[in-house]
Amino acid sequence: MRILVTGGAGYIGSHTCVELLEAGHEVIVADNLCNSRKESLEMVKRITGKDVLFYEVDVTEEQVVEKIFRSHRLDGVIHFAGLKAVGESLEKPLSYYYNNLVSTMILTKMSLKYDVNRFVFSSSATVYGDNTVPFKETMKLLPTTNPYGETKAMSERILMDTVKADQSFGVTLLRYFNPVGAHESGLIGEEPNGAPNNLMPFITQVASGRREKLSIFGNDYDTVDGTGVRDYIHVVDLAKGHVMAVEKLKPGVEIYNLGTGRGTSVLELVHTFMEVNELDVPYEIRERRQGDISSYYADASKARIELGWIAEKTIEDMVRDAWRFEKKQAEGK
Ligand code: NAD
Ligand code: UDP
C-alpha cells in the first residue's frame, strides 16, 4: 500500500515509517517539522535502506494537502500530526484546537474526496478521563482535564460521525497508553524541545547529566508504592500496531487500545532504569502534578483478538533502548 503518514518525522511517526517500509509499504510523509527534524527521516532511510517521499507542509493548509492527494494514488492515511503538550495546551488552547482539529477535518475531507478509505488516527488513553481501570474501548468517555485531551476526543467524534454518514469510509482510532523507548538502532527516538514533560525523557536526561534530578510528582497515591502508575508501551510495538491496523482496516469504525495491559509505577520505572543501565538517577519526591490521575492501564485484549497484535517488549527493553538513544544523541550519532 501507499500510505500518507502525517507527522511522520516525529517520535511515533518515524518509528511507524520504519515498520511500514519493512512490511513492504510505500511511505509519503507530510510534516511541518514544528516538533521534529528532517534528519529523523534520513535515519529512517538508514535503518530500512528504503526511501521516503517527504513533503514539508502544514496539514492544516487545505490546498497543499489536496496537492498531495491529487499527485499520489493513496491507499491509506495515518494521521499523527498534532500538538501534544498537555501543559502548553492550557496556555494556548486555540492553537491546539486549531492545529489538531483542522488537520483532522482537512485530511478526512480529502480522504473522502479522493476515495482513500483507510484512515488511522492517533488518539490517546487520555480520552477515558478518570475512569475505572483497566480502560476498555467500550467505556463511556469522561471529560479530560485539558484542551489537548479534548482535541483527541473531538477528533474521534468527527471521524465517527463521518463514517455514520458515509459507510464506505474506514477509520481506526488507536488509543495509545504511554509510548516510551526508541528504535534499537539508537538512530531514532524521542527528542523533546526544552524541558521534557514526560517521565522517560526526563529520566534519560538526568542520567546523562543534562538535568540535575528528577522530580517525582507525588508518593501518596493509592498505588503499590504511592507513585503514579501508567501502562508504558515500547514505541516499536506501538508502531507495529499501526501497520496491523492499516492492513486490516475495513469500512466502519474500530477503536483499539494500544498498551501492554500492565501498570508500572514511577518508582518501579526509575529503579528498573537504574538497574538495567547501571546508572544513578537522583530524584526527589515533590507535590502531585495538577490534573494527574493516580493509576491507569489498558485492557489490551481487543487488539490482540482482532488485530493479532500484542506488545512484546518489556520494561527492561524500554529503559535500555531509551538510554541507548540518549547516549547516541550525546555522542552526535
Ligand atoms: P511528535 O511531536 O514527535 O510528532 C508529531 C509530528 O507532527 C511532529 O513531527 C510535528 O512536527 C508534526 N506536526 C504537528 N502539527 C503539524 C501540522 N499542522 N502539519 C504538519 N505536521 C505537523 O509527537 P508523537 O509523540 O510522535 O505523537 C504523535 C501523535 O500521537 C500525536 O497526535 C499525539 O497527540 C499522539 N499521542 C502521543 C502520545 C505520546 O505520549 N507521545 C500519547 C498519545 C497520543
Ligand atoms: N512524572 C513524574 N515526574 C516527571 C514526569 C512525570 O513523576 O518529571 C509522573 C507523572 O506524575 C505520572 C507518570 O510519571 O504519574 C507519567 O507521566 P507522563 O507525563 O510521562 O505521562 P501521563 O501523565 O501523560 O500519562
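Hydrogens, waters and symmetry mates are skipped; everything else that's a heavy atom, side chains included, is used. These figures come from a predicted structure and were not determined experimentally. When a ligand or atom number is given, it counts from 1 through the structure's own listing order.
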How would you list, by chain and number, every residue that makes a side chain to side chain donor-acceptor pair (under 3.5 Å) with Ser103, sequence neighbours excluded?
->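 Listed in chain order: His79.
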Quick one: side chain to side chain donor-acceptor pair (under 3.5 Å) partners of Tyr128, sequence neighbours excluded?
->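 In terms of side chain to side chain donor-acceptor pair (under 3.5 Å), with neighbours along the sequence ignored, Tyr128 is linked to Arg175, Asn257.
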Every residue of the protein that comes under 4.0 Å of ligand 1, judged on heavy atoms |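 Near ligand 1, by chain and number: Gly7, Ala9, Gly10, Tyr11, Ile12, Asp31, Asn32, Leu33, Cys34, Asn35, Ser36, Val57, Asp58, Val59, Thr60, Phe80, Ala81, Gly82, Lys84, Asn99, Ser122, Ser123, Ser124, Tyr148, Lys152, Tyr176, Pro179.
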With a 3.5 Å cut-off and no angle check, do the side chains of [X] and [Y] form a donor-acceptor pair?
X: Glu66; Y: Tyr114; result: yes
X: Tyr232; Y: Thr260; result: no
X: Tyr97; Y: Glu150; result: no

Residues Asn146, Thr144; criterion side-chain hydrogen bond (donor to acceptor under 3.5 Å, both in side chains); working and verdict | CA-CA 6 Å; Asn146 55 80; Thr144 67; 4.8 Å; no
Is there side-chain contact between Thr60 and Met105, with at least one heavy-atom pair below 4.5 Å?
->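 Thr60 vs Met105: side chains apart.
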Output the set of protein residues with a heavy-atom contact under 4.0 Å to ligand 2, ordered first by chain identifier and then by residue number.
->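 Around ligand 2, where the cutoff is 4.0 Å for heavy atoms, the contacting residues are Asn178, Asn197, Asn198, Leu199, Leu214, Ser215, Ile216, Phe217, Gly228, Arg230, Tyr232, Val266, Arg289, Asp292, Tyr296.
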Do other residues, nucleotides or ligands put more than 12 heavy atoms under 6.0 Å from the NZ atom of Lys67?
->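 Counting other residues, nucleotides and ligands, NZ of Lys67 stays at 12 neighbours or fewer.
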Separation between CG of Asn193 and CD of Glu191, rounded to the nearest 0.5 Å |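 Asn193 atom CG to Glu191 atom CD measures 9.0 Å (nearest 0.5 Å).
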